[in-house]
Structures are given as C-alpha cells and as structure tokens.
Enquirer: 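Below: one structure in structure tokens.
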Amino acid sequence: MNIWEIYHKSFDRELNSEELDFLDTMIRKYPYFAMARYLKAKAVPSTSNIGLASAHASNRPLFKAFMEGKKSIREKIKTKTMEESPEKT
C-alpha cells in the first residue's frame, strides 16, 4: 500500500481502517506530509483534521477541490506532479 493508491481509492469509496491506520502512521512519522493530512481530512472530516490539512495546504483552491471530491483534480495533480519531477533518462 502506498499514498497514491489511497489517493485514487478516496474518489471511489470510503477508506477502510487499514488505510486510515496507514495515514495515521505516515502523519506521525512525517508530520509535514500534506497529502497524508489531506486524505485523513477527507476520510474523517473533523474540524481538527480539516484545520491541520488546510494549514499544510500550499495550494488552497486545489485542496478545496480535493475536499469537494472533484474528479478533475486528479488531472491537475497528475500534471503538476509530472511537471515537477525530473525526467528519468
């Protein structure tokens, strides 16, 4: 299991307890890991989770779209990730 598998599953269904435990572990191990916080906030939308996730959001409109479940956000994130990652040669 990895964070991107959980990310893609989050659009189609609720996360199970194993996936939530994985997110909790990632947040404890890497407290500034924004995507783990976003996924936790979406799966368990408490005021605390949403507040912490939004505090770590570098792009608030993108975070809002993700929380609202807009599928077009997948393409935006995929494009942005591909632009930022170095090419493999």
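The first residue in the sequence is number 1, and the count goes up from there.
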Enquirer: Ignoring hydrogens, what is the shortest heavy-atom contact between A53 and R37? Give both atom names and the distance.
Expert: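 So the minimum-distance heavy-atom pair works out to CB-O, 3.6 Å.
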Enquirer: Answer yes if I50 and I27 sit in the same cluster of Ile, Leu, Val, Met, Phe, Trp and Tyr residues linked by side chain heavy atoms under 4.5 Å apart, and no otherwise.
Expert: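 The answer is no; the residues belong to distinct hydrophobic clusters.
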Enquirer: In terms of hydrophobic clusters joined by side-chain contacts under 4.5 Å, are L52 and I3 together?
Expert: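 Not linked; separate clusters.
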Enquirer: Quick one: side-chain hydrogen bond (donor to acceptor under 3.5 Å, both in side chains) partners of R60, sequence neighbours excluded?
Expert: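 For R60, no residue satisfies side-chain hydrogen bond (donor to acceptor under 3.5 Å, both in side chains) once neighbours in sequence are set aside.
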Enquirer: Does CD in E5 sit with more than 12 non-hydrogen atoms of other residues, nucleotides or ligands closer than 6.0 Å?
Expert: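 Yes, because the 6.0 Å sphere around CD of E5 holds more than 12 heavy atoms from other groups.
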Enquirer: Determine which pairs satisfy side-chain hydrogen bond (donor to acceptor under 3.5 Å, both in side chains) with at least one residue from residues 43-57, sequence neighbours left out, and list them in order.
Expert: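 Applying side-chain hydrogen bond (donor to acceptor under 3.5 Å, both in side chains) to every pair that reaches into residues 43-57, excluding sequence neighbours, yields S46-N49.
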Enquirer: For a 4.5 angstrom cut-off between non-hydrogen side-chain atoms, does Y38 reach F33?
Expert: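 No, their side chains stay 4.5 Å or more apart.
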Enquirer: Can you tell me which residue among L15, T25, I6 is in a side-chain contact (heavy atoms from CB on, under 4.5 Å) with L20?
Expert: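 Among L15, T25, I6, the one meeting side-chain contact (heavy atoms from CB on, under 4.5 Å) with L20 is L15.
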Enquirer: Rounded to the nearest 0.5 Å, how far does CE of M26 lie from CG of D21?
Expert: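 Those atoms lie 13.5 Å apart.
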Enquirer: If I compare all heavy atoms of L39 with all of F66, which pair ends up nearest, and what's the gap?
Expert: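 Minimum heavy-atom separation between L39 and F66: CD2-CZ, 3.5 Å.
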Enquirer: Using the salt bridge (charged side-chain N to carboxylate O under 4.0 Å, His left out) rule, pick out the option among K9, K42, K40 that qualifies with E19.
Expert: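 So, applying the salt bridge (charged side-chain N to carboxylate O under 4.0 Å, His left out) to E19 and each of K9, K42, K40, only K9 qualifies.
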